[in-house]
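Below: one structure, written as structure tokens.
Residues: numbered from 1 along the sequence shown.
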Amino acid sequence: MLIKTPPGWKISENDVTPEEIYVNRRTLLKAAGLSALGLAVTQTVPEAWAKEEIKKLNFKRNDLYKVTDKNRPFTKEELSTHYNNFYEFSLDKGEVSKKVMSWKLETPWKIEVQGLKGPHKTFDVDSITKLAGELEERIYRFRCVEGWSMVVPWLGFPLSDLIKKLEPSPKAKFIKFQTFSDTKIGSNMKNLPYYPWPYTESLTMEEAMNPLSFIATGMYGHDLPKQNGAPIRLVVPWKYGFKSIKSIVKIEFVEQRPVGLWEKLASEEYGFYANVNPHVDHPRWSQATERVLDGKFFPTKIPTLMYNGYEKEVAHLYKGLDLKKNF
């Protein structure tokens with residue numbers, strides 16, 4: 001009898017139909033920030049990182065980017081900071097916020113930039129933020145490829161503003177981002193030796209220059225928690241969440257289309273474009289609906305929107321493409 005052992009990156013059906021049915025109730029409630037009775041969560045700064053210095057940021061609110069859909073309520077901070085995918089630390093969403101506590105962020109955090117008109121450059125987060133301009137708040141929908149969603153107020157700046165200041169080579173057709181790759185930081189990386197570390201993701205230059213593409217350095221009025229991608233991450237709201245790479249250490253402008261970590265692992269499941277499309281199912285589950293991250297034991301399920309509700313803003317980027325083949 002042939003017994004096949006699937007690789008660890010294969011998402012279990014338990015994670016997609018809905019996973020709350022399959023996991024331990026107490027663990028789930030704790031991860032979601034709920035009491036043992038399932039009562040509503042508080043809106044205070046999560047206790048897990050209350051001992052750290054949480055820096056409040058100065059920003060302006062951009063009211064052009066907000067979510068008014070009643071089916072997609074504003075996600076409480078306690079939930080969005082305790083339900084995280086960050087495989088460098090853990091495969092368990094509820095454990096990530098705990099596992100990152102021992103991580104001492106490098107100060108200053110350096111970001112290498114390659115593929116410019118001139119020589120390569122290195123920036124710290126403060127200098128790259130100043131280069132891009134004033135911080136602003138944008139409220140975006142967030143849709144995970146696993147079938148859950150939330151609504152988050154990000155703080156940061158348009159990626160296009162940064163690109164214009166960096167002056168990439170005119171030959172560049174793609175922009176590639178890289179997460180840190182240090183097993184002394186990512187305590188779970190050694191447990192996943194078949195992953196093609198470091199984590200990388202990319203956009204076409206046209207996607208990167210779209211006004212929605214955003215570089216975040218904060219959320220909920222303060223700097224990013226480590227579990228949410230501190231100190232700097234990408235946010236691309238019309239794509240599945242795995243495209244919004246965390247803890248960026250390198251940016252490259254390149255001519256050839258890069259292949260990201262998830263595409264290397266399973267190209268038939270995690271394609272380059274990764275646009276939210278309810279009409280194209282993941283090979284192992286439907287993408288027609290999503291589970292709203294709302295703290296309920298049985299979360300609310302709602303229909304998924306094309307391009308996560310940003311169709312008017314981005315559909316023109318994909319004219320002529322077969323969206324069924326460009327998941």
Of all the heavy-atom pairs spanning [X] and [Y], show the shortest one and how long it is.
| X | Y | answer |
| --- | --- | --- |
| S213 | V236 | OG-CG1, 4.4 Å |
| V67 | Y310 | CG2-OH, 4.5 Å |
| E269 | P283 | CG-CG, 3.7 Å |
| W154 | R233 | CH2-NH1, 3.7 Å |
| D182 | M189 | O-SD, 3.7 Å |
| L57 | T217 | CD1-O, 4.1 Å |

[Y] ring centre to [X] NZ or CZ under 6.0 Å, with the angle to the axis within 45°?
| X | Y | value |
| --- | --- | --- |
| K312 | Y307 | no |
| R143 | Y240 | no |
| K99 | F89 | no |

[X] side chain to [Y] side chain, donor-acceptor N/O pair below 3.5 angstrom:
| X | Y | value |
| --- | --- | --- |
| T304 | E290 | yes |
| H222 | E77 | yes |
| W109 | D124 | no |
| T81 | Y220 | no |
| Y318 | E207 | yes |
| E88 | N188 | no |

Nearest 0.5 angstrom please: [X] [atom1] to [Y] [atom2], how far?
| X | Y | atom1 | atom2 | result |
| --- | --- | --- | --- | --- |
| L155 | E136 | CG | CD | 9.5 Å |
| K164 | L131 | NZ | CG | 13.0 Å |
| S244 | N228 | OG | CG | 12.0 Å |
| Q114 | Q178 | CD | CD | 9.0 Å |

Backbone N or O of [Y] within a donor-acceptor pair of the [X] side chain at under 3.5 Å?
| X | Y | answer |
| --- | --- | --- |
| S127 | F123 | no |
| K226 | V100 | yes |
| D92 | G94 | yes |
| K243 | S202 | yes |
| S247 | A230 | yes |
| N84 | F86 | no |

Other residues, nucleotides, ligands: >12 heavy atoms within 6.0 Å of K250 NZ
yes

Report the relative orientation of the aromatic rings in F272 and F174; use parallel for angles under 30°, tilted for 30 to 60°, perpendicular for over 60°.
perpendicular

